[in-house]
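Structure, as structure tokens:
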Amino acid sequence: MADQVRILGTGQLLTLARRLEAAGGLRLRNNMTRRIRRAAEPLQRDLQRAIRTVQLPGTGGSRGGGRSPTTRPLRATLAGGIRISVRQGANPGARVWMDKSRLPRDLKNMPWVIDTGRVRHPVFGNRSRWATQWARPSGWWSRTVRAGTPRMTAEMERVRDDVRRDLE
């Protein structure tokens, strides 16, 4: 699974960035940056929605379920780690990624574990008893990225064309 999505119009965005710098158009550059960020926001929202709706049903043990040993909500914590970066200069573009620094230490790999569909963990921290939970649907990151990338790419091309038109 790719841990980030990068939309880079390598040659064309780079040429535009250089022309913007040469033109000294701070307003144009800020406008381009804002529009690139807006192009990536729907994918970020879709990824956040996808992780919030993933189901992790219990194994159905004889004692039934129980309260979580932690007070933090898992899905909301993971959704809060999805970020957007917009770059200018030598390598302009947008990146949607999972910021591990925003996740608690014990959840750093959880987004990718859930994406595979199988979550194996100790029962209430007891390392001699383990449980397996199946994420439904699996592939929350990879499926959403696959579905959202064409829309994001098309919007980036529209931004590039508009900025190019403004420079002429």
Side-chain angles (χ1 to χ4, degrees), residues 1-18 20-21 25-57 68 70-119 121 133-167:
M1 173 186 98
D3 62 344
Q4 56 188 321
V5 182
R6 292 182 185 201
I7 301 297
L8 305 171
T10 53
Q12 294 138 347
L13 275 178
L14 183 58
T15 304
L16 277 178
R18 286 186 183 139
L20 276 172
E21 189 175 329
L26 181 62
R27 181 188 58 78
L28 261 170
R29 187 172 44 234
N30 289 342
N31 185 29
M32 183 174 96
T33 303
R34 184 177 62 251
R35 290 191 58 200
I36 289 173
R37 178 173 295 283
R38 282 190 189 152
E41 285 173 353
L43 181 58
Q44 179 191 29
R45 280 194 302 269
D46 290 348
L47 284 166
Q48 289 173 335
R49 187 178 314 113
I51 190 59
R52 284 187 176 114
T53 58
V54 167
Q55 297 298 313
L56 284 169
S68 171
T70 64
T71 57
R72 64 179 181 261
L74 172 67
R75 291 170 196 85
T77 302
L78 296 178
I82 300 171
R83 305 210 29 213
I84 299 174
S85 296
V86 177
R87 289 176 314 283
Q88 299 178 31
N91 197 11
R95 180 173 74 136
V96 179
W97 55 295
M98 177 62 74
D99 185 359
K100 286 184 171 185
S101 69
R102 287 189 160 196
L103 300 178
R105 206 184 74 201
D106 59 333
L107 295 180
K108 297 245 186 247
N109 291 325
M110 189 57 71
W112 296 276
V113 170
I114 293 175
D115 191 60
T116 64
R118 181 175 181 248
V119 179
H121 60 89
Q133 291 180 276
W134 298 95
R136 295 185 198 137
S138 64
W140 70 274
W141 179 275
S142 49
R143 284 184 187 182
T144 308
V145 166
R146 228 180 352 261
T149 300
R151 179 181 59 200
M152 188 173 162
T153 304
E155 182 60 29
M156 293 288 285
E157 289 171 359
R158 207 171 7 258
V159 168
R160 182 197 64 214
D161 293 341
D162 289 348
V163 170
R164 183 179 290 144
R165 204 170 318 124
D166 286 346
L167 283 174

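Keep in mind that the numbers below use all heavy atoms, side chains included, and drop hydrogens, waters and symmetry copies.
Between Met156 and Gly93, the shortest heavy-atom contact is CE-CA, 4.2 Å. Among all heavy-atom pairs drawn from Arg102 and Gly80, the shortest one is NH1-O, 3.1 Å. Of all the heavy atoms in Pro137 and Arg143, the pair that sits closest is CB-NH1, 3.8 Å. The shortest heavy-atom contact between Ile36 and Ala94 is CG2-CB, 3.6 Å.
At a threshold of 4.0 Å, the pair Asp161-Arg158 does not count as salt-bridged, since none of the basic side-chain nitrogens sits closer than that to a carboxylate oxygen.
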Do Arg34 and Arg37 pass the side-chain contact (heavy atoms from CB on, under 4.5 Å) test, and can you show the C-alpha distance, the side-chain angles, and the key distance before you say yes or no? CA-CA 5 Å; Arg34 184 177 62 251; Arg37 178 173 295 283; 5.8 Å; no
Is there a side-chain contact (heavy atoms from CB on, under 4.5 Å) between Met152 and Val96 once you walk through the steps? CA-CA 11 Å; Met152 188 173 162; Val96 179; 4.2 Å; yes
Kindly determine whether Glu41 and Arg38 satisfy salt bridge (charged side-chain N to carboxylate O under 4.0 Å, His left out), including the steps that lead there. CA-CA 5 Å; Glu41 285 173 353; Arg38 282 190 189 152; 5.4 Å; no
Can you check side-chain contact (heavy atoms from CB on, under 4.5 Å) on Leu74 and Leu56, steps first, answer last? CA-CA 10 Å; Leu74 172 67; Leu56 284 169; 3.8 Å; yes
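Looking only at side-chain heavy atoms (C-beta outward), Lys100 and Asn109 come within less than 4.5 Å of each other. Looking only at side-chain heavy atoms (C-beta outward), Met110 and Val119 come within less than 4.5 Å of each other. Two residues are said to be in side-chain contact when any heavy atoms from C-beta on lie closer than 4.5 Å; Asp115 and Ser142 meet this criterion. The closest side-chain heavy-atom distance from Ile114 to Leu78 is below 4.5 Å.
Of the possible donor and acceptor atoms, none in the side chain of Arg52 sits under 3.5 Å from a partner among the backbone N and O of Ala79. Remark: the backbone N or O of Val113 is paired with a side-chain donor or acceptor of Thr116 at under 3.5 angstrom. Of the possible polar contacts, none joining the Asp99 side chain to the Ile82 backbone as a donor-acceptor pair under 3.5 Å is found. At least one donor-acceptor pair closer than 3.5 Å links the side chain of Trp140 to the backbone N or O of Pro111.
Taken from CZ in Arg83 to CE in Met98, the straight-line distance is 11.5 Å, to the nearest 0.5 Å. Here the OG1 atom belonging to Thr153 is positioned 10.5 Å from the CZ atom belonging to Arg160, to the nearest 0.5 angstrom. Note that CD of Gln48 is 10.0 Å distant from CG of Leu43, once rounded to the nearest 0.5 Å. Taking OG1 of Thr77 as the start and CD1 of Ile51 as the end, the distance is 10.5 Å to the nearest 0.5 Å. Residue His121 holds its NE2 atom at 3.5 Å from CD of Gln133, rounded to the nearest 0.5 Å.
Dense packing is recorded around CZ of Arg151, with more than 12 heavy atoms of other residues, nucleotides or ligands lying under 6.0 Å away.
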